[in-house]
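First up is the structure itself, then whatever we jot down about it.
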Amino acid sequence: MVEIELDGKKVEVLEGSMVMHAAEKSGTYIPHFCYHKKLSIAANCRMCLVDVEKAPKPMPACATPVTQGMVVRTKTDKALKAQKSVMEFLLINHPLDCPICDQGGECQLQDLAVGYGGSSSRYEEEKRVVFHKDVGPLISMEEMSRCIHCTRCVRFGQEVAGVMELGMSHRGEHSEIETFVGQSVDSELSGNMIDICPVGALTSKPFRYQARTWELSRRKSVSPHDSTGANLVVQVKNQQVMRVVPLENEAVNECWIADRDRYSYEALNSPDRLNQPMIKQGGQWIEVDWTTALEYVANGLKSIAADHGAQSVGALVSPHSTLEELYLAAQLMRGLGSDNIDHRLRQVDLAPNSGVHWLGMPIADLSQLQRVLVVGSNLRKDHPLFAQRLRQASRRGAQLHAITSSASLSSPQAWAMSLSSSQVVASQAWLKTLADVAAAVAAQKGVAAPSLIASLGASATPEAAAIAKSLLGGDRKAVVLGNGAAHHAQASVLLALANWLGQETGATVGYLTEAANTVGAQWVKAQPQAQGLNAAQMLGGTLKAVFLLNTEPVSDSAAGASAATQLAKAQMVITMSPFKANMEFSDVLLPISPFSETSGTFVNAEGRAQSFHAVVKPFAETRPAWKVLRVLGNMLGLQGFEFNTSQEVLVEATRLPLHLNNLGNPDLLASTPAVLTDSSSDPVVAAIYQLDSLVRRAPSLQLTADARQTHEVAA
């Protein structure tokens, strides 16, 4: 540790730290623009000049290393004069268009100009003009004359997103931030550039000119998309969500969010919103009140259960639903006498879990790993913030290995990080490839391999031997199974083999888990526990009555388009959704609240339960799903539905023990080839902007390069 004196206070910091780090630790504010705690030091704005004793001139706090006994003053005439001079230079070419700037009211330059700017300018020449640039549907670069060349956006692309999409061209007053030869900005984390821009050069294109910052109310929430559980600040005007930005939480999402977390709010204001209950009569949809709709559902369920038995009723529920909704849906089914409930819509191997599958470690630990083997994941697109954590590990020297089925996903460019190795094999060969790694581990350790290895004809190939050697080295290591591995026809065997590797190499084993509440759905038993039908069986057309909670099976299930044909065979299909969904085969539509209009809880991949409140009132006749399920339970005369608040539901739901483990079934390692017949189909994995009903209905996200590519493949 090194001790320095900062504005008369003694501060101890690590050797190699900068004066700015000491200031942060002591709570001393030093004005700055280019410095950001998550980015490398550029020292190009010079706003952080401070007075260092014995230094001949003011020194930049962000780039001046501390030394023992150093004396630094931030408020002397020397420091203040230097800072004011820098501000004068910054304002020479700035357009001073604060009244029409979207950043007005939350602009760092505007704030510091009050304290460090002059009341008039000595500059009388013409100001520079930088022409606008079109970089895609998410980021607006309409007013690049405002840019002060702090290069935060450039460094973010290189260091956090892993893709250098922006750079600085030319020199002097001709310098510009731009893409290369008119390319668009396509990173799945690109919106964070807007947050870190200290002026109004980069702004949100969908939010542009929609509201002033002081008109917005700010409310905390949690992302309903992937399993990170990113913390959000949802900004509201006139009971309408206008913007979503990150809420800093170092343990979960740091200070970043993915673009789908940021822009999916557009769907909340979509014309596709369902504003009133609807019943299909004579092939025509008619709007009805809630009492009529719920009585219709309750009477229909009673009649079908009486005529065909309770096992003719089932529920397909989305893992993007809240813990409270999933718990009540499971209670409703089991109260009726049915065990037919499942959230595993895209999975093919639906063997019972011995515990709750999860990440296997805290999210923050991903950044500290030294060895990682990722099986079956398009990591950047499936889990952008997890990829960002592993990118940090890679920058620290971690060895990353991937087993994937697409050549387009095998390059360091596709992963936006350095890969030590990448094996591209058909998904049907993932098991054999993982078995090769196990054979290599067994050979290098001199231990007996499971009989499965010989059954598959596995051998210690050079590629497998390199991965095995890597996993047997290092201290912090993990074998991570992605969405493709979870949805694989032999997911259970892949897990058993991954566990053997973890046991022999000392690596943790975990699932990235697909959705915001995949862990929570397992916790509250929103899947068959005894003799109930699983999702694939329920989508086989055997049920007489089907509940669809917040899901669209054609897009959300492994059955795909055939789901519509099979569900149309049921006597009654009840869709509970914020949108006009499943209309071709549903009989009842019940409008339920999305995450912004209800209170609830999501459990992320590391098992962290995060509760949130509604940020706006429910739209039109929309109602929170937990309330709808509670009323249905009461109308059906079921026990255990006496709740007045979602908090009461949460308390009851969390009485269930949470057994986080990825143990799987080790007996599968003794399987014979007859048991290991691979499916010829690839795992069903949602594209980045097709994950759930919200992102599918966000216009700006559907205009991105990723979405266009998905639509082209589908066509």
Side-chain angles (χ1 to χ4, degrees), residues 221-225 227 229 268 274 277 290 293-294 297 314-336 338 340-345 356 514-527 535 546-553 556 574-579 581-582 588-604 609-615 618-619 622-636 638 640-656 658 692-694:
S221 192
V222 178
S223 167
H225 305 303
S227 58
L268 303 173
L274 180 62
W290 270 103
L294 292 176
V297 171
L316 294 167
V317 296
S318 170
H320 299 277
S321 302
T322 67
L323 194 72
E324 294 82 354
E325 294 163 0
L326 293 167
Y327 173 76
L328 288 177
Q331 292 298 101
L332 185 70
M333 284 297 105
R334 296 193 172 105
L336 288 169
S338 172
N340 303 333
I341 181 168
D342 210 344
H343 71 279
R344 302 168 296 173
L345 303 179
V356 175
E514 180 182 39
N517 224 357
T518 300
V519 171
Q522 298 172 80
W523 184 4
V524 298
K525 303 189 182 335
Q527 60 193 52
V546 186
F547 264 97
L548 300 176
L549 174 60
N550 204 25
T551 185
E552 299 163 34
D556 292 336
I574 305 114
T575 290
M576 300 175 65
S577 173
F579 304 103
N582 307 327
V588 187
L589 299 180
L590 302 178
I592 60 169
S593 301
F595 81 104
S596 58
E597 299 167 20
T598 185
S599 54
T601 304
F602 291 134
V603 185
N604 69 3
Q610 300 183 107
S611 295
F612 55 91
H613 296 288
V615 300
F619 169 74
T622 295
R623 297 290 181 268
W626 73 267
K627 288 187 177 181
V628 177
L629 292 165
R630 179 200 65 186
V631 173
L632 271 175
N634 292 334
M635 294 176 74
L636 291 166
L638 306 180
F641 283 83
E642 297 76 27
F643 301 108
N644 294 315
T645 66
S646 64
Q647 185 63 31
E648 292 179 10
V649 183
L650 177 64
V651 170
E652 195 62 32
T654 51
R655 292 187 195 278
L656 296 167
L658 176 58
D692 56 66
S693 59
L694 285 175

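Positions are given from 1 along the sequence.
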Any [X] side-chain heavy atom under 4.5 Å of [Y] side chain:
X	Y	answer
Pro224	Leu694	yes
Leu656	Trp523	yes
Arg334	Lys525	yes
Leu323	Val649	no
Trp626	Thr322	no

Checking the side chain of [X] only, and the main-chain atoms of [Y] only, is there a donor and an acceptor separated by less than 3.5 Å?
X	Y	result
Trp290	Pro277	no
His320	His225	yes
Glu324	Thr601	yes
His343	Pro319	no
Gln522	Thr518	yes

Of all residues at least two apart in sequence or in a different chain, which pass the salt bridge (Lys or Arg N to Asp or Glu O under 4.0 Å) check with Asp342?
Arg344
Heavy-atom closest contact ([X] atom, [Y] atom, distance):
X	Y	result
Tyr327	Phe643	CE2-CZ, 4.5 Å
Thr575	Ala581	CG2-O, 3.9 Å
Val222	Gly229	CG1-O, 3.8 Å

Return the [atom1] to [atom2] distance between [X] and [Y], rounded to the nearest 0.5 Å.
X	Y	atom1	atom2	result
Leu345	Thr551	CG	OG1	4.5 Å
Ile341	Leu326	CD1	CG	7.5 Å
Leu650	Thr645	CG	OG1	9.0 Å
Asn604	Ser223	CG	OG	10.5 Å
Phe547	Leu629	CZ	CG	7.0 Å
Asn517	Glu325	CG	CD	9.0 Å

Applying salt bridge (charged side-chain N to carboxylate O under 4.0 Å, His left out) as the test, list every pair that has at least one member in residues 593-603; sequence neighbours left out.
Arg273-Glu597
Testing Leu590, Ile574, Ile592 one by one against Leu549 for a side-chain contact (heavy atoms from CB on, under 4.5 Å), which residue passes?
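By the side-chain contact (heavy atoms from CB on, under 4.5 Å) criterion, Leu549 pairs with just one of Leu590, Ile574, Ile592: Ile592.
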Testing Leu268, Thr598, Leu274, Asn550 for side-chain contact (heavy atoms from CB on, under 4.5 Å) with Pro578, which one passes?
Asn550
Do Leu328 and Phe641 pass the side chain to side chain contact (heavy atoms under 4.5 Å, CB included) test, and can you show the C-alpha distance, the side-chain angles, and the key distance before you say yes or no?
CA-CA 8 Å; Leu328 288 177; Phe641 283 83; 4.0 Å; yes
Does Val546 form a side chain to side chain contact (heavy atoms under 4.5 Å, CB included) with Asn340? I'd like the steps, not just the answer.
CA-CA 9 Å; Val546 186; Asn340 303 333; over 6 Å; no
